[in-house]
Amino acid sequence: MLQLVDICKDYKNGHRALNNINFNVERGEFVFIVGASGAGKSTLIKLLLKEENATSGRIILDNREITHLKQKEIPYLRRNMGVVFQDFRLLPNKTVYENVAFAMEIIEQHPKQIRRQVPMVLAMVGLSERAEHYPHQLSGGEQQRVSLARAIVNNPQLLICDEPTGNLDPNTSKDIMEKLNDINYRGTTIIMATHAREIVDDAQKRVITLSNGEIISDQQKGGYNYED
Amino acid sequence: MLQLVDICKDYKNGHRALNNINFNVERGEFVFIVGASGAGKSTLIKLLLKEENATSGRIILDNREITHLKQKEIPYLRRNMGVVFQDFRLLPNKTVYENVAFAMEIIEQHPKQIRRQVPMVLAMVGLSERAEHYPHQLSGGEQQRVSLARAIVNNPQLLICDEPTGNLDPNTSKDIMEKLNDINYRGTTIIMATHAREIVDDAQKRVITLSNGEIISDQQKGGYNYED
Amino acid sequence: MKINTFRNFSRDAIHNIWRNSWMSVASVSSVVAVLLIIGLVLIFMVNVQYIASFVEDKIELKAFLELDVEYEEIIEIKEQLESNEMIGTIIYESKEEALEKFSQQIGERKDLISGLEENNPLQNSFILTIKDPSQAGEIAKSIERIKGVEEVKYGEEIVDKVLKSTRFIRSLTLIVTVILAIISIFIISNTIKLTVYGRKKEISIMKYVGATNWYVRWPFLIEGAILGLIGALLALLILGYSYYYFTGMAQHTALSIISNSLVPAGQMINQIKWYFVIGGLSIGVIGSILSMRKFLKV
Amino acid sequence: MKINTFRNFSRDAIHNIWRNSWMSVASVSSVVAVLLIIGLVLIFMVNVQYIASFVEDKIELKAFLELDVEYEEIIEIKEQLESNEMIGTIIYESKEEALEKFSQQIGERKDLISGLEENNPLQNSFILTIKDPSQAGEIAKSIERIKGVEEVKYGEEIVDKVLKSTRFIRSLTLIVTVILAIISIFIISNTIKLTVYGRKKEISIMKYVGATNWYVRWPFLIEGAILGLIGALLALLILGYSYYYFTGMAQHTALSIISNSLVPAGQMINQIKWYFVIGGLSIGVIGSILSMRKFLKV
Ligand SMILES: Nc1ncnc2c1ncn2[C@@H]1O[C@H](COP(=O)(O)OP(=O)(O)OP(=O)(O)O)[C@@H](O)[C@H]1O
Ligand SMILES: Nc1ncnc2c1ncn2[C@@H]1O[C@H](COP(=O)(O)OP(=O)(O)OP(=O)(O)O)[C@@H](O)[C@H]1O
Ligand SMILES: [Mg+2]
Ligand SMILES: [Mg+2]
């Protein structure tokens, strides 16, 4: 489904965030991306989202090269992915409900469908009671869960999560991971950058370990084995 | 050093975030505040910082009632505390170095002192190489560590950390916790809201557990014992 | 675009106006202010043009007839003048009327010319107004060619001066108006840029979630249209009412000479009404779309 | 405040100008635009006032002397007139000069009054200008009380009309200028509010870290002063140069009548220079301080 070939990423100030990254992800896989702070996990995700462009190398999604896309095509690429951002990225002027509904509105879903689906996902992440709150009225963990709700509401083919449990307590995290596992079982490919050792160790899924922008290990059924 | 007496906090929309909170913190203590997402940890910290005002109850710091303070006095209160914010709160137009130096500049420290102290703290959190970066050029964990560096640069009496390791990998977290322990040994009182079970369990310090805005346990040498 | 989507856009636009009420007030009031400036200067300009053409209309030719023309010849000359399309009104002035006028002009020193009645040295003449004052010279020449007309006078110097002055004032006010309009539009575009800048994060988030550029633009566009329209109507109201009040007030005081030569309020408002509405709308719509360009590229 | 702290403020102000270069350009250009509008209207107003006082200065009194006054008496009357502080220039016109003038006035029809030289019916007179035209009536009366003066004329009606017109124009342009100035200042304050709004997060963060209100304000204040000053100087440059160019250009064309009665460029620039500098500075400083108030309360 997803292939990265010889990807390098240099930021404008000359910093090399990714160096020669190669890996494939099959449809339906669940891949953890782990690594120290600053290893390049978010950068990798930003490349998939076309938030940043790779300096060299190729990215192929569903047999289609997306390394260079026209501005106009980017939105349609993004609609095929659900993304939980490390910094949440909620619309400040919309309530929790509206933020989640927005993701459905942009693909012009029927209002009836929206009214059925949104409360369902909000219940799934445990935020039914916060539906009418604005993002600034939420706790950190609640904002993170709204971001997750928005990412899954359209049942995307590919779900990308950057640190989706960084602001969540262990119990809530466990709940969320169970939900993600469900989603994965139903066929969604999941790529998840995380630091949570317990989660990675428990899951027994594929783990790609980054260090200083390079892949230092790529294990099926791995654990959080990154050591300095 | 710090006393909270019958603190309640209702947000404008009527939500009760804290209900009847009572506890004392002695000088030199290290207190964890744990609890599920939305339990009221950040709210508690916002009250200490006077970012929000308590609806009822009293807060006493160093034998001084700070429940009601004039606008003009708040900055001086904040200077006695170092704070790591859950959402980092770095100045977007200042580099990492400048962000940390800023905390020293506002208390009119001598430039020589600033030039000596700032690189030292940056090295402590492992960001010497990022000194000239702007916040938007940093990874999530790096921003979090800048926030920490800024909080400790003035050697505050009281250090308040809201989720200071939420975006950090276990190794970096462990480093940071060791540094915080050092600081605590040298006499600084530390109050830390966190979800990281490993950290809390390892530290064997006092743990206050919040649930739905109420204290449900307050243990010396406790562990992350919060269960639904 | 589905109808539901458009409904969402309108809903979002209206919600945003309410939720950013502070900014909405800033935008509307800036639009009002800019339109007031342009309107004020426009009214000033329209009035100056109006008064200038008033003055220009006062330019007269005087065609002096030969001393010995008969009554029938005068009629004939008159017919010829009437057939000339460039000539406006035609008034005949006999030499007796001319003398009477002259004696009135010199006023108190009338005694100086007493006794001239019997031996009137003046001529019969036609007093003509012309449609295009700048053509005065040529028209004068063509009239002089008519038999029985001795000479055509029109105070070349004065006509020249009047024309030059009015032309100068016309172009001066036009230039000032255009400059002020350009400056004002520049300011408002700055203001709109800043309001959009304050929401750049919002715009980029929409894009990150997969919205197309047009999907992001529409609510801003509708919002801009609504705010621009409100601004235009407010400005029109303020300006129209003040102008009406001002001309009305002036009428009953010593200023009536001036106010009477101003464009009437009703006519003025009618004249600028659509400019304002279209101006306000386009400021709002074009302003927001242009300002967004930069932030859509994420 | 320590000297190092002040150095930090200035450093931050300059850094911010660079780092928010887009916003700095917006602020400066808005200040320029606003000052251009105010300046344009101000120049217009100053010139109107200038021309109006020009016209008012043309108002003359004419004191006719009795027919039989002797030379010594005339000298005496002149001395009395000179001792009156309200009177400006004094010019003596003998009856021969008066007749000469009159015959010139009636121009071509001079023949009508030929032969009057021997039997001049006119009077000797003093032509006086007065310092305050609105006092014309009272001064005339006081002069009539002088022995040897028969009558004082000053064309009451015309003086009245002229005074009313100039007063009307003076107050009209003053009102328009003031209104435009208020509107412009309102717009700029909106613009500044919006730039500060775009940085409200920054302001609140400074406060959360323990900065006092004044500590947060100072860099903004210095930034505002610098940007305001740059704006003022740019506006002055544009305006001064255009005005200089315009009056210069007008001098060599048919418009010289008008340009000669305009305030010279040098004098104009000198007159508005400080207003602009102080205006720009205060817009920048006061604007940013006021706009920050709201965001400092955290
Ligand atoms: N815009 C940028 N300009 C320059 N350098 C950048 C930029 N963004 C990120 N970097 C650098 O690239 C490196 C990788 O950043 P990235 O955000 O991918 O890290 P990460 O693995 O997500 O870390 P974390 O776990 O802390 O979120 C970091 O060292 C960061 O400083
Ligand atoms: N400004 C606000 N207005 C209304 N409700 C609020 C506001 N801020 C927070 N809340 C609510 O108060 C409760 C406590 O929030 P708080 O931020 O203190 O939680 P927390 O313990 O820090 O959670 P987390 O671990 O997710 O950061 C939450 O349920 C939140 O929805
Ligand atoms: Mg990251
Ligand atoms: Mg929190």
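So that the names make sense, note that chain A is the first sequence line, chain B the second, and so on, each numbered from 1. Predicted model, so just to flag it, every value in this text is computed and none were measured. Worth knowing before you read on, the calculation uses all heavy atoms, side chains too, and leaves out hydrogens, waters and symmetry mates.
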Is there a side chain to side chain contact (heavy atoms under 4.5 Å, CB included) between B:Glu108 and D:Asn4? Walk through the geometry before answering.
CA-CA 8 Å; B:Glu108 310 207 38; D:Asn4 285 319; over 6 Å; no
Checking D:Lys207 against B:Arg78 for the side chain to side chain contact (heavy atoms under 4.5 Å, CB included) test, could you report, in this order, the C-alpha distance in whole Å, the side-chain angles of both residues, the deciding distance, and whether it holds?
CA-CA 9 Å; D:Lys207 291 285 324 254; B:Arg78 289 179 182 158; 3.9 Å; yes
Should B:Glu98 and D:Arg19 be marked as a salt bridge (charged side-chain N to carboxylate O under 4.0 Å, His left out) after you check the CA-CA gap, both sets of side-chain angles, and the distance that decides it?
CA-CA 14 Å; B:Glu98 290 166 347; D:Arg19 287 177 192 169; 3.1 Å; yes
Determine, step by step, whether D:Ile205 and B:Phe85 satisfy the side chain to side chain contact (heavy atoms under 4.5 Å, CB included) criterion, reporting the C-alpha distance in whole Å, the side-chain angles of both residues, the deciding distance to 0.1 Å, and the verdict.
CA-CA 10 Å; D:Ile205 291 175; B:Phe85 297 94; over 6 Å; no
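Rounding to the nearest 0.5 Å places CG of D:Asn8 at 11.5 Å from CD1 of B:Ile106.
Applying the 6.0 Å contact sphere to OH of D:Tyr244 captures no more than 12 heavy atoms from other residues, nucleotides or ligands. Counted within 6.0 Å of CG on B:Asn13, heavy atoms from surrounding residues, nucleotides or ligands total more than 12; the atom is thus considered enclosed. Remark: B:Glu129 CD is loosely packed, at most 12 non-hydrogen atoms of other residues, nucleotides or ligands lying under 6.0 Å away. Other residues, nucleotides and ligands contribute more than 12 heavy atoms inside 6.0 Å of the CD atom of B:Glu52. Counted within 6.0 Å of OH on D:Tyr275, heavy atoms from surrounding residues, nucleotides or ligands total 12 or fewer; the atom is thus considered open. Environment of CZ in D:Arg11: crowded, with over 12 heavy atoms of neighbouring residues, nucleotides or ligands closer than 6.0 Å. For B:Gln113, the CD atom sits in a packed shell: over 12 heavy atoms of surrounding residues, nucleotides or ligands are nearer than 6.0 Å. More than 12 heavy-atom neighbours from other residues, nucleotides or ligands sit within 6.0 angstrom of OH on B:Tyr11.
Residue B:Leu90 touches chain D through its backbone alone, counting heavy-atom pairs closer than 4.5 Å. Both the backbone and the side chain of B:Lys94 come within contact range of chain D, with heavy atoms under 4.5 Å apart. Residue contact with chain D, scored on non-hydrogen atoms closer than 4.5 Å, is absent for B:Gln109.
A donor-acceptor distance shorter than 3.5 angstrom exists from the side chain of D:Tyr215 to the backbone of B:Glu105, with no hydrogens or angles considered.
Considering D:Arg199, D:Lys201, D:Glu202 as possible partners of B:Leu91, the one that fulfils the side-chain contact (heavy atoms from CB on, under 4.5 Å) test is D:Glu202.
Chain B forms more heavy-atom pairs under 4.5 Å with one residue of D:Val216, D:Asn20, D:Leu296 than with any other, namely D:Asn20.
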